[in-house]
Structure formats: structure tokens, C-alpha cells
Amino acid sequence: MNKFEQVRAEKLEKIAALGIDPWGSRFDDRQPIGQVRELAPEAGESTTRVRTAGRVMSKRDSGKACFFDIADHTGRIQVLTGKKQLGDAWPILDLTDLWDLVGVEGTIGRTRTGEVTIFADKVIFLTKTIAHPPDKHHGAQDVEILLRHRYIDMIQSPEVVRRFQDRSKILSTIRQYLTGQGFTEVETPTMQAIPGGAAARPFITHHNALDIDLYLRIAPELYLKRCLVGGMEKVFEIARVFRNEGIDATHNPEFTMMELYEAYGDYNRMMEITEGIVVGAMKSLGLPMQIKYGETDLDFTPPWRRATYDELLREHAGVGMDDTDGVFAEAKKRGIETLGKDADVVVSELFEATVEDALVGPIFVIDYPATLCPLTKRKTTNPRVAERFELFVAGMELANAYTELNDPILQEELFTKQLSGQKEEDSMAKMDREFILALKHGMPPAGGLGIGIDRLVMLLTGSTTIRDVIIFPLMRPKPVGALGLDEEGEGEETPTPSE
RNA sequence: GAGGACGUAGCUCAGUCGGUAGAGCAUCGGACUUUUAAUCCGUUGGUCGAGGGUUCAAGUCCCUCCGUCCUCACCA
């Protein structure tokens with residue numbers, strides 16, 4: 001405990017000595033501060049009584065009077081009280097520090113300078129804050145402090161709380177939209193013996209009683225399709241998935257993916273649903289169809305542009321995807337390694353290099369080279385092309401959907417086929433015999449869709465990094481030392497992982 | 001994984017050419033019943049991220065390590 005904490009801890013004792021519980025208790029019939037503010041008259045003091053609670057954000061002591069500001073997630077308000085008004089309760093104010101939690105009761109009004117103020121005759125101590133708070137004007141600015149101790153970020157920046165409330169609203173809107181369309185929400189295994197359904201490196205863990213290694217899922221896809229086999233014709237899951245890869249402004253090791261499957265649908269139907277979900281989410285936040293993301297102007301008025309993979313590759317790279325010689329030549333020209341790589345792997349790399357960053361969107365890129373899509377149904381008119389789309393917005397891949405492959409014989413074949421030039425962990429093709437067996441029982445033709453929830457929330461809340469929309473992003477563990485929280489001598493260090 | 005930047009009091013930040021470690025806020029003590037970055041007087045506070053090196057002397061220069069951020073690569 002550092003010197004600041006000792007001072008506050010001593011006050012704790014003094015509060016208790018006054019017969020007051022420094023940790024507070026139930027506090028009923030409280031109005032949120034935002035509501036209390038609305039009751040303020042144009043000027044002067046009203047007779048309207050209010051009762052509210054919040055965190056002390058600033059304090060201006062003036063002898064026998066005291067002004068302090070309290071804040072909750074709905075707003076901030078000034079409180080004025082005095083020795084005469086509080087009587088026996090007056091000494092508690094001396095023991096009240098910044099970031100303590102208090103309840104107040106009094107009349108609502110304005111001071112002569114026009115500031116909305118609660119003229120309090122009761123101050124109820126609710127909770128002592130032992131830690132020393134950051135600078136009351138600048139707040140903590142260090143990104144590391146804000147991320148490691150997100151509650152500090154939330155306390156000092158109401159917009160942070162609002163952003164996560166927006167995230168919650170987007171999620172509930174998606175649930176409402178889908179259940180309204182007859183979808184059933186299911187929860188499939190997070191720990192899986194074979195981590196399939198996407199191309200990504202998994203996290204590995206171990207179950208002691210069964211003595212088996214398990215993987216944290218990289219996608220819920222293969223289980224949701226089993227639900228289709230079982231007759232759940234419309235299912236979805238808002239799935240936390242885990243990918244053991246790099247961390248940057250658009251990637252966190254765990255993130256949230258919405259996946260849905262609709263029997264007897266196809267990828268065209270998935271485009272309609274995607275538009276419905278995104279537009280619905282925007283409306284729930286009160287956003288117009290034209291928004292700005294960073295410097296980019298986006299128009300979400302449906303229907304959104306649909307362009308084929310081949311068409312876009314011709315537009316931006318000047319070659320068609322079936323023109324193997326042209327694709328190799330163009331790739332080499334752009335410094336892409338082509339030696340020993342499958343033609344479609346090169347096509348894909350050329351596409352990523354030339355097209356993806358140029359896509360402002362929203363735009364559905366449709367009809368991908370089939371070899372890159374082992375879980376997707378091929379076009380009956382052209383088996384080289386898979387019925388898949390990806391939705392791009394502002395250079396981000398926001399959604400991915402297929403007409404689902406339901407042919408178990410072809411599926412088994414595709415699971416065994418690794419493309420040259422592609423590492424196994426970079427491939428979606430991982431043999432899962434249990435899944436093949438499920439397909440053998442007859443999965444209806446279906447459309448499937450995945451939407452990256454974090455990226456959608458980024459887009460709709462104007463956040464440029466994923467850390468702004470993941471409430472506790474992964475950070476490398478560190479001994480608690482910042483903010484004076486470090487225990488002297490018996491420093492309880494976070495164990496470092498073995499190398 | 002590669003490159004770059006940063007790390008100084010609880011917080012926000014200065015710190016010149018290598019020459020006694022600073023300010024504001026917060027804390028603590030005092031004055032004040034309409035302040036609002038309250039004011040006024042006084043006070044306390046440092047392993048300069050960690051370790052090593054150069055030097056008479058290192059916050060400052062060099063090396064290693066740790067952490068965070070940015071760019072690139074991978075990925076959604």
C-alpha cells in the first residue's frame with residue numbers, strides 16, 4: 001500500500017468511527033444524474049427534491065460550504081452543501097475524496113452563475129476509493145493504463161461507456177432481427193477436437209479427466225451445419241472465436257463472430273440478410289445511411305454493389321482470374337512470389353494486393369475461385385467458381401458467406417486436397433470425419449453467413465482500432481506496479497509463462 | 001516476425017552541451033458559506049522502466065532486456 005492509499009485507508013477508519021459504513025449499502029429510489037439534470041429550473045432554486053448517487057469527480061471546499069461534482073454513466077452534476085445544511089453529517093465531507101461514491105439528497109436548482117446544482121441537505125457515504133485517482137483535468141492519458149485498467153478509462157470518459165452500450169445495442173438488434181426472421185440461437189462447443197471451419201492457427205488446451213488435447217474453436221461453422229442436418233432450418237450463433245495470430249489495430253486473439261445458416265437458401269439470400277442486419281444495426285444507433293469512417297464517406301443505402309471476383313481483378317490488376325499466364329506475369333511484376341504455388345493461390349494473393357485495399361464499399365465481392373473455398377458449393381454452370389461472397393467496407397472484410405457445400409463425397413475430397421504454396425494451417429481444408437458423416441445424413445441446400453461483430457461495431461461507432469470495441473483486449477501480463485497498486489516487499493508478481 | 005518511437009513523482013508533462021531531479025494537478029496542514037481547472041499561505045512526494053558499460057561525473061552517451069504505441073508482414 002503506498003502513501004496515498006494509507007491516507008485514504010486511515011480515513012476509512014475515521015468514517016467507521018462516525019458510525020458510517022465506508023463500504024455503503026443498498027441505496028433505493030435513486031434517479032440517474034442525467035434525469036436529475038432535466039428537472040433543473042431556468043434559474044434559482046426549486047422545491048423539487050431529488051435523490052441520486054455518483055462518483056465524486058471534483059471538490060471545491062470553501063470553509064463551511066462545499067461544492068463537489070458527482071458523475072454516473074448518464075451525466076455529471078454539481079452538488080452544493082454546507083455545515084448548516086448537513087448538521088451532524090458535516091464531518092463526512094472532510095473524509096470524502098475524489099472518486100469516492102456518495103449519495104445525495106436535496107433540491108434541484110441553479111446557482112447564480114447558472115450551473116445546474118443539487119442543493120443537498122443529505123450526503124450518504126457509499127464507497128471509499130482507496131486507490132489514488134489520476135489527474136482530475138487531463139485524466140490518465142497513457143494508452144497502456146487505459147487498456148490495462150479499462151474501468152479508469154470508463155470513469156473518466158463517458159463516451160467509452162457509451163461505445164460499449166452501442167455494442168450491446170447492435171448485438172441485441174441482430175438477435176431481434178434474426179429471431180424475428182425465425183432463426184434459433186444455439187451455442188456450439190468452444191472446445192473442439194478438430195478446429196475447423198476457417199483457416200487459422202488455433203489455441204491448444206488440455207482436458208485432464210479425458211486426457212486429451214482440445215482446441216479453442218476458430219469458427220462455429222461445422223457444428224452449426226450439423227444443426228441444419230438435424231432439421232434446425234434457421235440457426236445462428238454469436239460466437240466468441242479464438243485465433244492464435246498477431247495482434248494489431250484490427251485483430252484481437254479472441255473476437256466475436258456472428259454465423260447463421262438457412263436451409264434452402266443460398267448466397268444471394270445471405271446478401272439480403274447481411275444488408276438487413278447492418279441497416280438494422282445502424283438504425284438502432286440512430287445513424288443515417290451515409291456515414292463517415294475516418295476520412296472515408298460510406299453510403300449504406302441498399303442494395304449494395306455486387307461485383308464478381310473476376311470482374312474486380314480485371315479492373316484493378318488488368319487480368320482475368322482464369323488467365324493463368326497473365327496472372328503469374330502480373331503477380332511477378334508486383335513482387336509476389338509465385339514459384340511452386342498453385343495458380344489460384346497466386347490469384348488470391350494478386351487479388352489481395354491489388355483489389356482489397358481499393359474497395360471502399362460497401363461492396364459484395366462474389367464468385368470466388370473454387371479451390372480457395374473447400375466448404376462452398378460450386379456454380380453448376382462453372383465448377384471453377386464457388387458461390388461465395390465477401391463484404392468489404394472501407395478496406396475491411398466485414399462478412400463472408402457461401403452457398404454451403406452439402407455433398408459429402410466432394411467435401412471429403414476437398415478436405416484431403418491441400419493447395420501447393422499454401423501451408424496447412426493457412427488452409428480451411430482439415431479432415432473432420434465426424435462432419436463428413438453428418439453430411440452423409442443429408443444436409444439441406446443452404447446459405448451460410450459470417451459477420452465480424454467487432455469490425456461492424458468499429459464501423460458503426462467510428463472506432464479505428466479493435467481495442468476500442470473489445471472491452472478488455474488481451475495485454476501481455478505485467479506485475480501490478482502502476483498506479484501505486486504495488487504491494488511493497490511481498491510483490492505478488494504475475495507468473496511468467498514458460499518459454 | 002522486421003523496422004521505428006516512447007518509458008522521469010499517484011496523474012499530466014518539462015529537463016538545454018553529460019555537471020545539485022523540476023512544474024501543474026493530486027496528497028497533507030491552515031484560512032474562507034455561491035465555487036466551477038475555486039482562491040490564498042504552507043507541506044510532502046523520485047530505484048528517472050530494469051540491468052550493465054563509458055566517464056572525475058549519466059535522466060542525458062553506448063549495449064542488453066522488459067513494456068506500450070506506430071508502420072510492415074500474417075490474419076478476420
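The chains referred to below are lettered A, B, ... by the order of the sequence lines, with proteins before strands, and numbering in each begins at 1.
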Touch class at under 4.0 angstrom, heavy-atom based, for [X] against every strand present:
X	answer
A:R467	sugar-phosphate
A:G450	nothing
A:D248	base
A:D454	nothing
A:N244	nothing

field: All ring-ring contact (aromatic ring centres under 6.0 Å, His included) counterparts of A:F389, not counting sequence neighbours
entry: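 ring-ring contact (aromatic ring centres under 6.0 Å, His included) check on A:F389 returns A:F364.
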- request: Kindly write out the residues that satisfy ring-ring contact (aromatic ring centres under 6.0 Å, His included) with A:F351, not counting sequence neighbours, or none if the list is empty.
  value: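 A:F351: ring-ring contact (aromatic ring centres under 6.0 Å, His included) contacts with A:Y309.
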For [N], does either OP1 or OP2 sit under 4.0 Å from a side-chain N or O belonging to [X]?
X	N	answer
A:R476	B:rG67	yes
A:R148	B:rU68	yes
A:K64	B:rU34	no
A:R60	B:rU35	no
A:K83	B:rU33	no

Inter-nucleotide [atom1] distance ([N], [M]), Å rounded:
N	M	atom1	result
B:rA57	B:rU71	C1'	39 Å
B:rU34	B:rU8	P	41 Å
B:rU60	B:rG52	P	14 Å

What is the separation between atom [atom1] on [X] and atom [atom2] on [N], rounded to the nearest whole Å?
X	N	atom1	atom2	result
A:E352	B:rC72	CD	P	15 Å
A:D61	B:rG30	CG	C1'	12 Å
A:Q141	B:rG10	CD	P	18 Å
A:N2	B:rG46	CG	P	11 Å
A:N252	B:rC74	CG	C1'	16 Å
A:I145	B:rG67	CD1	P	17 Å
A:I247	B:rA73	CD1	P	18 Å

- request: Name the residue closer to the 5' end of RNA chain B, choosing between A:E397 and A:M475 according to the nucleotide with the nearest heavy atom.
  value: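 The residue closer to the strand's 5' end, by nearest nucleotide, is A:M475.
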Distance-only donor-acceptor test, [X] side-chain atoms vs [N] base atoms, 3.5 Å:
X	N	value
A:E115	B:rU34	no
A:D135	B:rG24	yes
A:S62	B:rU39	no

Both distances below 3.5 Å, Watson-Crick or wobble geometry, any strand: find the nucleotide opposite [N].
N	value
B:rC65	B:rG49
B:rC25	B:rG10
B:rA2	B:rU71

query: Salt bridge or not for A:R240 and A:E187, using N-O below 4.0 Å?
result: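 Salt bridge between A:R240 and A:E187, a charged N being under 4.0 Å from a carboxylate O: no.
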task: Would you mind checking if A:D69 and A:K59 are paired as a salt bridge, meaning a charged N to carboxylate O distance below 4.0 Å?
output: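 No, this pair does not count.
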Tabulate atom names and distances for all N/O pairs under 3.5 angstrom spanning the protein and nucleotides 27-29 of chain B.
| residue | atom | partner | partner atom | Å |
| --- | --- | --- | --- | --- |
| B:rC28 | OP1 | A:K11 | NZ | 2.5 |

